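As structure tokens, the structure follows; a few thoughts come after it.
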Number of protein chains: 2
Amino acid sequence: MVFFMSKAGDTRLMILQKAFDLVYKHGFQATSIDDIIATTQVTKGAFFYHFKNKEEMGLAMINELMYPGMIKVLVEPLLAAQDPAKEVYLMMHNVLLKQPMFNVKYGCPAVNLIEEMAPLNQQFNQALGKLFNEWQNAISQVIKQGKISGTIKDSVDEKQVAYFVMAGYSGIRNMGKMLGTACYKTYLAELKKYLNQL
Amino acid sequence: MVFFMSKAGDTRLMILQKAFDLVYKHGFQATSIDDIIATTQVTKGAFFYHFKNKEEMGLAMINELMYPGMIKVLVEPLLAAQDPAKEVYLMMHNVLLKQPMFNVKYGCPAVNLIEEMAPLNQQFNQALGKLFNEWQNAISQVIKQGKISGTIKDSVDEKQVAYFVMAGYSGIRNMGKMLGTACYKTYLAELKKYLNQL
DNA sequence: TGCAAAACATACCAAATGGTATTTTTTATG
DNA sequence: CATAAAAAATACCATTTGGTATGTTTTGCA
């Protein structure tokens with residue numbers, strides 16, 4: 001019954017949310033357990049009651065917070081897409097400019113974690129890879145539908161396009177840390193051109 | 001005279017090179033000074049004789065090693081470009097697949113540092129921003145020349161293209177950490193299509 | 001109401017961290 | 001060769017780190 005607002009479930013969730021905030025801003029390794037318990041007002045005993053160690057907490061944070069949150073923003077908007085170029089663009093426009101939780105200075109939490117942890121930890125790699133894989137499938141699917149319905153050229157390779165779009169997203173999140181939101185807009189303008197030409 | 005193989009200059013350079021290796025693989029914050037002196041066989045006294053602190057060492061590493069190294073690979077090949085689409089593609093193909101110092105698992109050292117340090121440290125941000133700015137200028141310049149010589153359409157916005165290409169690079173470096181070199185090739189195939197259509 | 005298990009609190013610890021203070025060795029130069 | 005400055009080595013330190021051991025309190029339920 002942990003998931004229906006039991007007191008203990010609340011504590012666990014609060015730890016994950018505060019940890020997410022800190023990790024988003026400072027990175028996973030640079031966020032100490034002491035930092036987390038300081039901002040949550042939860043004691044170390046409580047922390048280690050809910051999580052075996054820091055790594056397990058990080059994985060829970062990915063699987064229980066980041067994964068569903070990102071799927072909602074990146075994948076779900078594409079599922080009922082009619083005009084592929086338009087829908088892919090809107091999804092990107094939305095995630096870059098309309099997500100109040102995200103700050104251009106700190107980039108994308110998922111991209112950040114991949115950058116930091118994928119080479120260091122197999123389990124982080126897998127958990128984050130699953131998310132990106134679902135995103136890739138969703139984009140590929142939309143493009144494929146576009147080919148069928150005739151709005152996308154037959155010569156287009158949907159998997160290549162998906163990779164290209166995803167790389168653009170990760171990369172502009174990186175550049176945004178240096179250049180601010182202005183570069184998001186420059187990127188989006190070219191993305192629109194690119195998609196319309198497919 | 002520090003720069004012409006004086007003994008002290010050698011020590012300093014060796015510290016920077018070993019630090020670069022470690023930072024590339026583990027990140028800046030996760031690389032301790034003890035790690036660096038352990039792999040260099042240099043003592044802590046020597047380290048702090050050459051660098052005021054860890055931050056200054058990191059900046060020296062960027063300015064004296066990474067910056068010139070990256071300029072050589074990213075910018076210089078573009079300076080004498082004839083066919084823009086071809087030359088931009090070749091530059092990218094080369095940096096992604098032909099640089100023996102880089103490992104797909106660990107991505108690009110410059111991109112990694114931006115991701116980790118740009119939000120946390122103004123000076124790192126500036127030093128790395130300078131590098132990306134020069135890259136952007138070089139790409140824009142090539143595209144602009146292509147418009148003049150007629151190989152690139154007039155409707156193309158060279159700055160937008162530069163941002164798009166750079167974002168793609170940063171992003172595929174990120175994805176490569178999860179997916180390996182295969183995704184580099186997928187990305188490059190679509191990049192070629194994109195450039196040829198400009 | 002009693003009581004075991006769940007949830008949380010407190011106090012502690014060894015190792016690692018960035019950095020300093022001090023001493024020794026090496027080097028260039030008069 | 002003498003010597004001062006540069007370069008490097010040694011020993012130390014306060015703080016932070018992830019984690020444990022051992023309590024105490026709260027909760028569900030027979």
Side-chain angles (χ1 to χ4, degrees), chain A residues 1-23 25-62 64 113 116-117 120-124, chain B residues 1-23 25-62 64 113 116-117 120-124:
Chain A
M1 299 302 117
V2 171
F3 296 96
F4 295 116
M5 55 177 47
S6 63
K7 188 85 186 309
D10 285 356
T11 303
R12 182 191 153 93
L13 189 61
M14 186 180 49
I15 292 172
L16 289 179
Q17 281 166 340
K18 286 288 182 187
F20 173 83
D21 280 353
L22 291 167
V23 169
K25 290 183 183 160
H26 306 122
F28 180 77
Q29 296 173 100
T31 298
S32 72
I33 296 173
D34 283 351
D35 288 339
I36 297 170
I37 68 176
T39 65
T40 50
Q41 305 271 51
V42 152
T43 61
K44 198 164 271 197
F47 182 94
F48 279 99
Y49 172 77
H50 287 285
F51 306 102
K52 204 178 76 195
N53 51 36
K54 195 187 172 189
E55 183 189 13
E56 209 197 44
M57 186 278 293
L59 289 169
M61 189 190 81
I62 296 174
E64 296 170 35
L113 263 186
E116 180 186 2
M117 299 303 293
L120 305 179
N121 187 303
Q122 179 73 39
Q123 303 201 72
F124 277 64
Chain B
M1 298 301 118
V2 172
F3 298 96
F4 294 116
M5 58 177 45
S6 63
K7 187 86 186 309
D10 285 357
T11 303
R12 183 191 153 91
L13 189 62
M14 187 181 47
I15 292 173
L16 288 179
Q17 282 166 339
K18 287 288 182 187
F20 173 83
D21 280 354
L22 290 168
V23 169
K25 290 182 184 159
H26 305 121
F28 181 76
Q29 297 173 99
T31 298
S32 72
I33 296 173
D34 283 350
D35 288 340
I36 297 170
I37 68 176
T39 63
T40 50
Q41 304 273 48
V42 153
T43 61
K44 198 164 271 198
F47 182 95
F48 280 99
Y49 172 78
H50 287 286
F51 307 101
K52 202 177 78 194
N53 51 37
K54 194 187 175 189
E55 182 188 15
E56 209 197 45
M57 186 279 294
L59 289 168
M61 189 190 82
I62 296 173
E64 297 169 36
L113 263 185
E116 181 187 2
M117 298 303 293
L120 304 181
N121 187 302
Q122 179 73 38
Q123 303 202 71
F124 277 65

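Fair warning: this is a prediction, and the values are worked out from it, not measured in the lab. Chain letters run A, B, ... following the sequence lines, proteins first, then strands; residues in each count from 1.
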Using only side-chain N and O atoms of A:Thr11, determine if any of them is under 4.0 Å from OP1 or OP2 of C:dA7.
no
Nearest whole Å is fine: how far is C:dG19 P from B:Lys54 NZ?
8 Å
Atom pair distance, as rounded to whole Å: CD1 in B:Ile33 and P in C:dA15
21 Å
From C-beta outward on A:Ser32, which listed nucleotide comes closest to its side chain: C:dC8, C:dG18, D:dG18?
D:dG18
In this structure, how many angstroms lie between the C1' atom of D:dT27 and the CG atom of A:Asp10, rounded?
14 Å
Proximal nucleotide (of D:dA8, C:dG19, C:dC8) relative to the A:Ala46 side chain:
C:dC8
Distance, rounded to the nearest Å, where B:Ile36 contributes CD1 and C:dG19 contributes P
11 Å
Heavy-atom nearest pair, B:Phe51 first then B:Ala60, reads CE2-CB, 4.0 Å
Result for 5'-nearest mapping on DNA chain D, choosing between A:Ala30 and A:Gly45, is A:Ala30
What's the closest nucleotide to the side chain of A:Tyr49 if the choices are C:dG19, C:dA6, D:dG18?
C:dA6
Value in whole Å for how far the P atom of D:dT10 lies from CD1 of B:Ile37:
11 Å
B:Asp35 side-chain N/O to B:Ser32 backbone N/O, donor-acceptor pair under 3.5 Å:
yes
Given D:dG19, C:dG19, D:dA8, identify the nucleotide with an atom nearest to the side chain of B:Phe48.
C:dG19
Shortest non-hydrogen separation from B:Met57 to B:Leu16 and the atoms involved
O-CD2, 3.7 Å
Without decimals, in angstroms, what is the distance between A:Glu55 CD and D:dG19 C1'?
14 Å
Side-chain atoms of B:Thr43 come closest, of D:dT17, D:dG19, D:dT10, to D:dT10
Specify the separation, in whole Å, of atom CD of B:Gln29 and atom C1' of C:dA16.
15 Å
Spacing of B:Phe47 atom CZ relative to C:dT20 atom P, expressed in whole Å:
12 Å
Between A:Phe28 and A:Lys54, which heavy-atom pair has the shortest distance, and what is it?
O-NZ, 3.0 Å
Can you identify which nucleotide, out of D:dA11, D:dT20, D:dT17, has its nearest atom closest to the A:Lys44 side chain?
D:dT20
Please determine whether a side-chain nitrogen or oxygen atom of A:His50 lies at a distance below 4.0 Å from atom OP1 or OP2 of C:dA6.
no
Categorize A:Asn53 for me: base, sugar-phosphate, or nothing, with a 4.0 angstrom heavy-atom threshold over every strand shown.
sugar-phosphate
Minimum heavy-atom separation for A:Ile37 and A:Val42, please, with both atom names.
CB-O, 3.0 Å
